[in-house]
Amino acid sequence: MIDLLPDDDQKALIDNFESVLAAEAPLARLRDGQGDLALLARLAELGWFGLGLPESAGGVGLGLIEEALLFREAGRFLVGPRLFAAVLGAHAAVGAGDPALAAALAGGERGACLLSGDGRHAFDRQPGDSLVRVDEEGIRLLDEAALVRAEPIDGLDPAIALERVELDERGVRRLADRTLALRTKVLVSASLVGLAEAARDRATLYAKERQQFGQPIGAFQAIKHRCADMAVGCESAWTLTALAALCLGSGRHDAAFQAAAARIVAGDAALAAVRGNVQIHGGMGFTDECEAHLLVKRCHFLLQLAGGTRLHQEALLGEPEPVHGR
Amino acid sequence: MDFTFTVEEEAFREEVRTWLRANVPTEKRPKEGQAMRAFDTAWQRRQHESGWGGIAWPVEYGGQGLSLVQQLIWHEEYVRAEAPPPGCMFVALSHAGPTVMLRGNAEQRALHIPRIIRGEAVWCQGFSEPGAGSDLASVRARGVVDGDDLVVTGQKVWTSYADVADYQELLVRTDPDSQRHAGLSWVICDMRAPGITVRPIRTMAGITTFAEVFYDEVRIPLGQVVGGLGEGWSVAMSTLSFERGTAMIPHQVELQRTVEQLIALAGEVTGPDGRRPAAADDEVRSRLARLRAEVAAMRAMTYASISRAQREDAPGPEGAMISLYFGELFQRVHDAAMDILGGESIERQGRAEAWTFRYLDGFKHTIAGGTSEIRRNIIGERVLGLPRGRA
């Protein structure tokens, strides 16, 4: 069966994510430099980290597609990168045969932070965290002891605490599980889609309200067409991300192809949308007071989270053309 | 959400694949004129005789009544087998036939439907005029009732295959005092009727598959009006309800193949450094990967539109998104091809021939059937709810 639209259960899930985040994650929260700790503690309580984990590891046992729906909404509300760390860390713990650690990470009892794929940066790190590092080949789950040095530095995204780190990974077991690397790609894509959709919606809303020359600026084709391009970007990026999630979830032969393609298309769509959103907001969009710049900065962060676009382009060129059918 | 094919669907795919492998014509399809007509109608006849004619048509009209997923499978295998496009049969199979089925009377259906499905009748479309392009509702060609006839005078333009067509779906203003969408009628016009002049138009790609058509007091029996006088706009729009999210499938599958061919081409052509193949150049690689990803996105959008069509009866404005995406992506693919061909991009023969032809011909994809600008208006206004501009 081919169905890229959510069923009733999935719709209810989306509504739930949306209503909780709309109430608890206004973008104004990002100005206090708290790294979304309070919000993430709340989401852990709600069991969201364990959505796609098997029930044997204390999870809900849903699929990757449901997890992608979560990350799409999380992207829309700029939920911090510790969400990635908790979810991916828990999956890695399951893969490493440590269901107790998986449950602790998914329940939020044990903290985790994400490292960049090249191992040079840590994001929103807290004392006692497990460290999660994902690259093209697989995923590594590190203890705090592996951290040799950590130096706070100024970051592009004001809502994410950035550190330059040095690691000692001797004795660290690396899970050469490529599906976790692909899962990361799909979830980053989903977050990029959510971010693009937030930008599209903000730009469209502003274009309906803002009046110039005696009419809403959205009546002008120069503005309307830019919003339309955002809509097309979001549609292309989301449908492909959903397809990639389904392919990976069911172990189809073309999962790696679709995941890389989704990350490329979602990255391009998000960047175009967040930039367009600033432009459509005009002078206001250029100010710190307007939230448009937060989306731009988060977009650049997400674009580096699992390797830059060029890396995914090479990954995609390395895959065979998907055959139609099974 | 789901993406799987059932055992039955896989068996169907095998059946389609086997038939196509044995039956796809091996000779080259002529690009224009009577030779093209003979080729296209023969191919339609062969499909029909083997039980593969009119895959989207209801069984009661001689079609196959396939499900949306079966239609998808058919198109995927069709392109894979390098089967020829429907060509001059397109308007009859995808526009005129379905419209006559939905809105025609028993007599009109009995006369026209079997001849289309058997590949005996070729149709063309007479909607656009010199003064009615993007603004189709400003049609001026007039039809005056005189006894049992409608007497048509005026001009149509961009009529594909007018030179080889038997019939035309013709939109004329039958109420001279009417404005815009009211007062139009959808008429079956016999292309051999006295008073019709077809003047082929040569495109920038150098072929003459479309034409302008002039009508000088052409007499069309009133029995050829479909859906009643003054109902033309609603009849023309009813064609759209037949289109159930499947129209872009052949384009998508074809473009996927084209991008794979482009990647292969980049491995053969010398790149910008004059030494290594183009495929070794970083910028070329980046572009190829992006195009490959975007074709995958178009495939996903196609699946999403099938998903929507399975739930809703009437197609929504989302269709404008995939058409827009396709047109611009097609052009980006061929822009890249021209750059990859480099010095060979100024040739119209050899290995450059197919690419340079499609590069030139592809300009139509952001114009025909609704320009990109009109599609962006539709998306802005009907998908996003932005206000219409002041006229």
Side-chain angles (χ1 to χ4, degrees), chain A residues 1-7 10 63 65 69 200 204 207-208 214-216 218-221 223-225 227-232 235-247 250 252 257-258 260-265 268-269 309-310 312-317 321-326, chain B residues 1-6 9-10 13 68-69 72-73 76-77 80 253 256-257 259-260 263 279 282 285-286 288-290 292-304 306-308 310-311 318 320-322 324-325 372-373 375-381 383-390:
Chain A
M1 158 147 198
I2 292 181
D3 189 5
L4 255 52
L5 301 180
D7 63 23
Q10 288 159 340
I65 187 70
L69 291 172
R200 173 200 65 192
T204 304
K208 288 176 187 175
Q215 55 186 324
F220 297 113
Q221 289 185 328
I223 302 290
K224 181 180 293 171
H225 289 186
C227 292
D229 285 339
M230 292 183 195
V232 175
E235 171 79 2
S236 62
W238 171 248
T239 55
L240 182 54
T241 299
L243 184 70
L246 294 168
C247 288
S250 64
R252 270 180 61 97
F257 181 102
Q258 306 296 353
R263 168 56 188 76
I264 294 165
V265 172
D268 290 347
T309 297
R310 192 71 191 87
H312 299 289
Q313 289 177 343
E314 285 302 323
L316 180 62
L317 288 179
E321 180 193 4
V323 296
H324 289 116
R326 207 183 285 277
Chain B
M1 298 168 84
D2 197 6
F3 177 52
T4 48
F5 293 98
T6 63
E9 284 162 352
E10 284 303 323
R13 183 184 295 278
L68 291 170
V69 173
L72 170 76
I73 292 170
E76 287 178 344
E77 294 304 320
R80 188 183 138 114
V253 185
Q256 178 176 327
R257 192 176 63 178
V259 168
E260 295 304 319
I263 292 172
D282 263 356
R285 296 186 69 77
S286 176
L288 288 172
R290 195 162 255 138
R292 213 179 188 203
E294 287 167 344
V295 170
M298 192 183 158
R299 181 176 176 204
M301 289 168 88
T302 306
Y303 292 169
I306 289 174
S307 308
R308 278 192 199 100
Q310 284 166 342
R311 297 180 191 207
E318 295 86 2
M321 292 204 270
I322 189 162
L324 173 63
Y325 196 78
S372 289
E373 289 73 23
R375 294 193 203 284
R376 285 191 169 88
N377 282 350
I378 293 170
I379 296 163
E381 288 160 19
V383 177
L384 298 176
L386 288 166
R388 290 177 66 98
R390 253 184 243 140

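Below, chain A is the first sequence line, B the second, and so on; all start at residue 1.
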Using only atom types and a distance under 3.5 Å, with no angle test, would you say the side chain of B:R311 pairs donor to acceptor with the backbone of A:L5? yes
Ranked by heavy-atom pairs below 4.5 Å to chain A, first place among B:R13, B:R292, B:E10, B:M321 goes to B:R292
Find the one option among A:P216, A:S236, A:A231 whose heavy-atom pairs under 4.5 Å with chain B are most numerous. A:S236
Would B:Y303 and A:T239 count as a side-chain contact (heavy atoms from CB on, under 4.5 Å) here? Give the steps. CA-CA 8 Å; B:Y303 292 169; A:T239 55; over 6 Å; no
Which residue out of B:E77, B:E9, B:M301 racks up the most heavy-atom pairs below 4.5 Å with chain A? B:M301
Counting heavy-atom pairs under 4.5 Å to chain A, which of B:E381, B:E294, B:R80, B:R375 comes out on top? B:E381
What's the shortest heavy-atom distance between A:Q258 and B:A296, and which atoms? OE1-CB, 3.9 Å
Could you give me the CA-CA distance, side-chain angles and deciding distance for B:T6 and A:M1, then say whether side-chain contact (heavy atoms from CB on, under 4.5 Å) is met? CA-CA 7 Å; B:T6 63; A:M1 158 147 198; 5.8 Å; no
Between B:V295 and chain A, which part of the residue has a heavy atom less than 4.5 Å away: side chain, backbone, both or neither? neither
Applying a strict 4.5 Å limit to non-hydrogen atoms, the region of B:L72 in contact with chain A is side chain
Inter-residue atom distance B:M298.CE - A:L240.CG, 0.5 Å rounding: 13.0 Å
For A:K224 and B:P387, the nearest pair of non-hydrogen atoms, with its separation, is NZ-O, 2.9 Å
If you tally heavy-atom pairs under 4.5 Å against chain B, which of A:R200, A:R252, A:Q221 wins? A:R252
Close side-chain approach of A:E321 and B:R257, heavy atoms under 4.5 Å: no
Gap between atom CG of A:D7 and atom CG of B:D2 - 0.5 Å precision: 9.5 Å
Smallest separation among heavy atoms of B:G385 and A:K208, with atom names: O-CE, 3.3 Å
At a heavy-atom separation under 4.5 Å, does B:E373 approach chain A through its side chain, its backbone, both, or neither? both
Honestly, the part of A:E235 sitting under 4.5 Å from a heavy atom of chain B is both
Just so I understand: if I count every heavy-atom pair under 4.5 Å between each of B:S307, B:S372, B:G380 and chain A, which residue has the most? B:S307
In Å and rounded to the nearest 0.5 Å, what is the OG1 to CG distance from A:T204 to B:L384? 4.5 Å
Identify which part of B:L324 has an atom lying under 4.5 Å from any heavy atom of chain A, answering side chain, backbone, both or neither. side chain
When the 4.5 angstrom heavy-atom criterion is applied to A:L4 and chain B, the contacting part is both
Heavy-atom pair with the smallest gap, counting every atom of B:N377 and A:H225: OD1-NE2, 2.7 Å
So, the part of A:L243 with a heavy atom under 4.5 Å from chain B: the answer is side chain
Rounded to the nearest 0.5 Å, how far does CG of A:D3 lie from CZ of B:R308? 11.0 Å
Ranked by heavy-atom pairs below 4.5 Å to chain B, first place among A:T309, A:I223, A:D229, A:I65 goes to A:D229
If one checks every heavy atom of A:I264 against chain B at 4.5 Å, the contacting part turns out to be side chain
Mark yes or no for whether A:R310, through its side chain, and B:D282, through its backbone, hold a donor-acceptor pair below 3.5 Å. yes
Distance in Å, B:R290 CZ paired with A:L316 CG, rounded so as to fall on 0.5 Å steps: 11.5 Å
Can you say whether B:R299 sits under 4.5 Å from chain A via the side chain, the backbone, both, or neither, judging by heavy atoms? side chain
Nearest 0.5 Å, please: how far is SG in A:C227 from CD1 in B:I379? 11.5 Å
CA sep, side-chain torsions, deciding dist, call: A:E314, B:R285, side-chain contact (heavy atoms from CB on, under 4.5 Å): CA-CA 8 Å; A:E314 285 302 323; B:R285 296 186 69 77; 2.8 Å; yes
